[in-house]
Amino acid sequence: MTELKRVGVLTSGGDAPGMNAAIRATVRACIYYGIEPVVIQEGYKGLIENKMDVADARTVANVINQGGTFLKSARCQEFRTKEGRVKAYENARAAELDGLVVIGGDGSFTGAMLLEEEHGLPCIGVPGTIDNDIYGTDFTIGYDTALNTVVEAIDKIRDTATSHNRLFFIEVMGRDAGFIALNTGIASGAEDILIPEQEKNVELFMESLQKSGRAGKTSSIIVVAEGDRGGGGVFELSRAVEEQFPEYEVKVTVLGHIQRGGKPSCFDRVLASRLGVAAVEALRSGDSGIMVGVRDQQVVKTPLERAISKHNQIDNHLMKVAEIVSV
Ligand SMILES: Nc1ncnc2c1ncn2[C@@H]1O[C@H](COP(=O)(O)OP(=O)(O)O)[C@@H](O)[C@H]1O
Ligand SMILES: O=P(O)(O)OC[C@H]1O[C@](O)(COP(=O)(O)O)[C@@H](O)[C@@H]1O
Ligand SMILES: [Mg+2]
């Protein structure tokens, strides 16, 4: 077992529901194993600006049920520079950190990898992002909650869509990944789902709309991932459809940041608790430069380098399911 005096924890990149539960689990696992936890504010920005405090078990009381991250998150440009990372490391060393737990997405893991490579500070990644776009884990913290938030919102939109002859384009988050769009599209009964991994050309899309019309559908819901550019983005696509199908009243809803908020689901709280504990246990075992995740219900470790350079594949069978159930 590696002797650890102090371990730091931060949240970085886009916040995700369940990050608080992951901070809590990290802090409490440290205390359980006799390590002093240090909480760092505002991600890498706080590390550079030396915003950190020793925590105790009560620091993380009453946060498991809260969305967002009480430590705050940041997208920090300075940390992308070598000089920025030197400053961050100097502060980590002065605080006597023997390891760092980084709760965030692929960008945060790239930063963690560089910090470790350049300065030798052992870093462990915990996947926290609603996008579910991290290789080496079946689920990222926040994804399940976001799915449920989106489905609830689309259900409401369906009520108005069916009360009129309306065609709704609903843009969901996912800069480069279609996992949210595909799963919420199926769960909310969407007529079509557009994702960046499998961009459909506009003609094909129009054909499937025509088919829906012929099948007697008087209203439709199309779920579009924000990263999908097949039709030039949700507004351009809606204009094209309006021209071709004057019988439909076309509406666009961009769900936006509502998808990132709210109380974490039970699934996300459990996942976050598991992974926070696993991160501390990994540091104790002498691991570094890895991410902890779950595959087939087991905690697994993946080198950060692999976690950021590979991608989870969209399940083609699920795409087919979406096509079949929307006839
Ligand atoms: N290539 C990089 N080099 C160093 N740090 C990076 C790099 N990419 C991202 N980071 C750091 O991680 C932060 C979060 O990354 P970002 O991509 O915004 O979110 P996420 O971690 O959720 O993917 C960035 O603001 C930056 O401080
Ligand atoms: O709110 P921001 O910071 O502009 O970021 C929006 C992006 O953040 C996300 O919600 C999550 O992405 P990351 O986890 O990579 O930060 C994306 O789906 C979305 O494109
Ligand atoms: Mg990212």
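When a ligand or atom number is given, it counts from 1 through the structure's own listing order.
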Per atom 14 (O) of ligand 2, closest listed option by heavy atom (Asp15, Asp106, Ile130, Thr129): Thr129
Pull out every atom of ligand 1 sitting under 4.0 Å from any heavy atom of Ser12, numbered as shown with elements. 12 (O), 13 (C), 14 (C)
Is it true that Glu242 and Arg239 have a side-chain N and a carboxylate O under 4.0 angstrom from each other? no
Do Gly14 and ligand 2 have an N or O pair less than 3.5 Å apart? yes
Which heavy atom of Pro264 sits nearest to which heavy atom of Thr145, and what is that distance? CA-OG1, 3.4 Å
Spell out, yes or no, whether Met319 and Val150 are grouped together once hydrophobic residues are joined by side-chain heavy atoms under 4.5 Å, including indirect joins. yes
In this structure, does ligand 1 have an atom that sits under 4.0 Å from one of the heavy atoms of Gln77? no
Heavy atoms only, cut-off 4.0 Å: how does Lys45 contact ligand 1, side chain, backbone, both, or neither? neither
for atom 9 (C) of ligand 2, nearest protein heavy atom and its distance come out as Arg260 NH1, 3.4 Å
Any chance you could lay out the side chain to side chain contact (heavy atoms under 4.5 Å, CB included) test for Asp287 and Ile124, step after step, and finish with the verdict? CA-CA 8 Å; Asp287 287 318; Ile124 306 290; 4.3 Å; yes
Do Glu49 and Asn91 pair up side chain to side chain, a donor and an acceptor below 3.5 Å, judged on atom types alone? no
Using a 3.5 Å cut-off on N or O atoms only, is Gly105 in polar contact with ligand 2? no
Among Leu209, Leu167, Val250, find the one that has a side-chain contact (heavy atoms from CB on, under 4.5 Å) with Phe245. Leu209
Under 6.0 Å from the six-membered ring centre of Tyr143 and within 45° of its axis: does the NZ or CZ of Arg260 meet both? no
Among all protein heavy atoms, pick out the one at the shortest distance from atom 23 (O) of ligand 1; state its residue, atom name and that distance to 0.1 Å. Asp106 OD1, 2.6 Å
Would you mind listing which atoms of ligand 1 come within a distance below 4.0 Å of any non-hydrogen atom of Tyr44? 11 (C), 12 (O), 27 (O)
Identify the protein heavy atom lying closest to atom 4 (O) of ligand 2, giving its residue, its atom name and the separation to 0.1 Å. His257 NE2, 4.2 Å
Check the pair Glu78 / Tyr44 against side-chain hydrogen bond (donor to acceptor under 3.5 Å, both in side chains), numbers first and verdict last. CA-CA 9 Å; Glu78 196 178 353; Tyr44 294 128; over 6 Å; no
For ligand 1, is there an N or O atom under 3.5 Å from any N or O atom of Gly13? no
Let me see the working for Glu199 and Leu194 under side chain to side chain contact (heavy atoms under 4.5 Å, CB included), right down to the final yes or no. CA-CA 7 Å; Glu199 284 180 353; Leu194 304 176; over 6 Å; no
Identify the protein heavy atom lying closest to atom 12 (O) of ligand 2, giving its residue, its atom name and the separation to 0.1 Å. Arg175 NH2, 3.2 Å
Any N or O of Gly128 that comes nearer than 3.5 Å to an N or O of ligand 1? no
In ligand 2, the atoms that come under 4.0 Å of a heavy atom of Gly174 are 18 (O)
Would Glu249 and Lys251 pass as an ion pair if we require N to O under 4.0 Å? yes
Tell me the contacting part of Phe79 for ligand 1: side chain, backbone, both, or neither, using a 4.0 Å heavy-atom threshold, strictly below. both
Which of the ligand 1 atoms, numbered from 1, are nearer than 4.0 Å to a heavy atom of Gly14: 22 (O)
ILVMFWY network linking Ile195 to Phe179, side-chain heavy atoms under 4.5 angstrom: yes
Among protein heavy atoms, which sits nearest to atom 1 (N) of ligand 1, and what does the distance come to when rounded to 0.1 Å? Thr110 CG2, 3.4 Å
Can the ring centroids of Phe235 and Phe169 be said to lie less than 6.0 angstrom from one another? no
Nearest atoms (heavy-atom pairs only) where Thr137 meets Val294: OG1-N, 3.0 Å
Distance only, no hydrogens: is a donor on one side chain within 3.5 Å (strictly under) of an acceptor on the other, for Asp56 and Thr59? yes
Which residue and non-hydrogen atom of the protein lie closest to atom 19 (O) of ligand 1, and at what distance in Å? Arg75 NH1, 3.1 Å
Check each atom of ligand 1 against the heavy atoms of Arg85 and keep those under 4.0 Å away; list them by number with element. 4 (C)
Where ligand 1 meets Leu114 - atom numbers and elements under 4.0 angstrom, heavy-atom basis: 3 (N), 4 (C)
Any Thr129 heavy atom less than 4.0 Å to ligand 1: no
Sum up the protein N, O or S atoms located under 2.8 Å from the Mg ion (ligand 3). 1
Protein residue, atom and distance nearest to atom 3 (O) of ligand 2, heavy-atom basis: Arg75 NH2, 2.7 Å
Sort out for me which residue in Ile222, Val223, Val327 forms a side-chain contact (heavy atoms from CB on, under 4.5 Å) with Glu191. Ile222
Would you say Ile130 ends up clustered with Ile154 if hydrophobic residues are merged whenever their side chains have heavy atoms under 4.5 Å apart, either directly or through other cluster members? yes
In this structure, atom 11 (C) of ligand 2 is nearest to the protein heavy atom Asp131 OD2, 3.6 Å
Residue Glu226 vicinity, atoms of ligand 2 by number, heavy atom under 4.0 Å: 17 (C), 18 (O), 19 (C), 20 (O)
Are any of the N/O atoms on Phe109, whether in the backbone or the side chain, positioned under 3.5 angstrom from an N/O atom of ligand 1? no
